[in-house]
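All of these numbers come straight from a predicted model, not from anything done at the bench.
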Amino acid sequence: TTPLTFAMGSNQAFTGAGTITPTALITFGNILIASGKTVTLAGNIATTGNWTDNGTFVPSTDSVTFNGSGTQTISATGSETFYALKAATSGAILQLLSNVTVTNTLNMGGANININGNTLTLGSGAGAVLTRSAGMVYGGTWKRWLPVTAITSTTGSYYGLIPLGDTVGDYIPVSINTTPNPTTAGYVSATHTHLMSITVLSPT
C-alpha cells in the first residue's frame with residue numbers, strides 16, 4: 001500500500017511464474033523475466049532500468065512506465081506487448097532491441113524512442129491512443145492501426161500523428177488528416193532513415 005522503489009541499477013529477476021499486484025506504484029531497477037516463466041500484471045509498475053523478457057509477459061490492462069535517465073532498453077524473445085507504455089523522462093532514450101506492440105495507450109512524455117531497426121506498433125486490430133507532450137521516434141518503422149473514424153493529427157487519440165524525428169534532434173512528423181472517414185480500418189506505417197553522409201556530385 002506504500003510506493004516501493006528499488007535502487008536505480010539494481011536487478012529484479014522473476015524466476016518463477018506469478019502476478020505483480022501493487023496497490024501503490026512499484027518502481028523497479030532492471031527487470032528480467034526468466035526463460036519459460038510467465039509474469040502477469042495486476043497493477044501499474046515503473047522501471048528505471050532495462051526490460052528483458054526471456055519468458056512471457058501478460059500486461060493485462062495495466063501500464064509500464066520507463067522513467068530512468070540515459071538509455072533504457074526493451075528486449076524480448078520474439079516480440080513484446082504492452083497494454084499501456086509511458087516513455088516519461090525528458091532527454092532519455094528508450095531503445096528497442098525487439099519489436100514492440102502497444103495495444104491501448106502510448107504516452108510520450110519527453111523521452112525519444114530509438115526503434116533501432118525494429119517495428120513499433122500502436123494498436124492491434126483496434127485503435128490505440130497516442131498522448132504526446134514531447135519526444136520523437138526514429139531508426140525503424142512506426143506502424144499504427146487506423147480505425148473507421150475521423151483521422152486527425154491534432155486532437156483526441158492523435159490517430160494521424162506519426163512523431164518521427166532523427167538522431168540530431170530534428171522533429172519531422174508525418175501528419176494524416178482525413179475529410180471523409182476511412183471506409184476500412186487497417187495499418188499505416190512510416191519509416192525514416194537519417195543519412196549523416198553526403199555525396200558530392202561533379203556534373204558536366
Side chains of [X] and [Y] in contact at under 4.5 Å (non-hydrogen atoms):
| X | Y | answer |
| --- | --- | --- |
| F82 | T101 | no |
| W51 | F66 | yes |
| P147 | Y159 | yes |
| K86 | V64 | no |
| T191 | I115 | no |
| T38 | T40 | yes |
| R144 | S189 | no |
| Y158 | V129 | no |

Backbone N/O of [Y] and side chain of [X]: donor-acceptor pair under 3.5 Å:
| X | Y | result |
| --- | --- | --- |
| N99 | T119 | yes |
| N112 | G135 | no |
| N118 | L96 | yes |

Is there a donor-acceptor contact under 3.5 Å linking the side chains of T19 and T21?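 There is no such pair between these side chains.
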Whether the S63 and N44 side chains hold a donor-acceptor pair (N or O, under 3.5 Å, no angle test) is what I'd like checked. yes
L85 pairs by side chain to side chain contact (heavy atoms under 4.5 Å, CB included) with which of L94, T65, N107? L94
Transitive ILVMFWY cluster of W145 at side-chain heavy atoms under 4.5 Å: who else is in it? Y187
Mind checking the CG-OG1 spacing from L106 to T121? Nearest 0.5 Å is all I need. 11.5 Å
Residues in side chain to side chain contact (heavy atoms under 4.5 Å, CB included) contact with T27, at least two apart in sequence or another chain: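 With sequence neighbours excluded, T27 shows a side chain to side chain contact (heavy atoms under 4.5 Å, CB included) to T5, L25, A46, T48, N67, given in chain and number order.
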Is it true that I74 and V58 fall in one hydrophobic cluster, defined by side-chain heavy atoms closer than 4.5 Å?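 Shared cluster, no.
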Show your working on side chain to side chain donor-acceptor pair (under 3.5 Å) between S153 and N177 and close with a plain yes or no. CA-CA 6 Å; S153 64; N177 297 281; 3.1 Å; yes
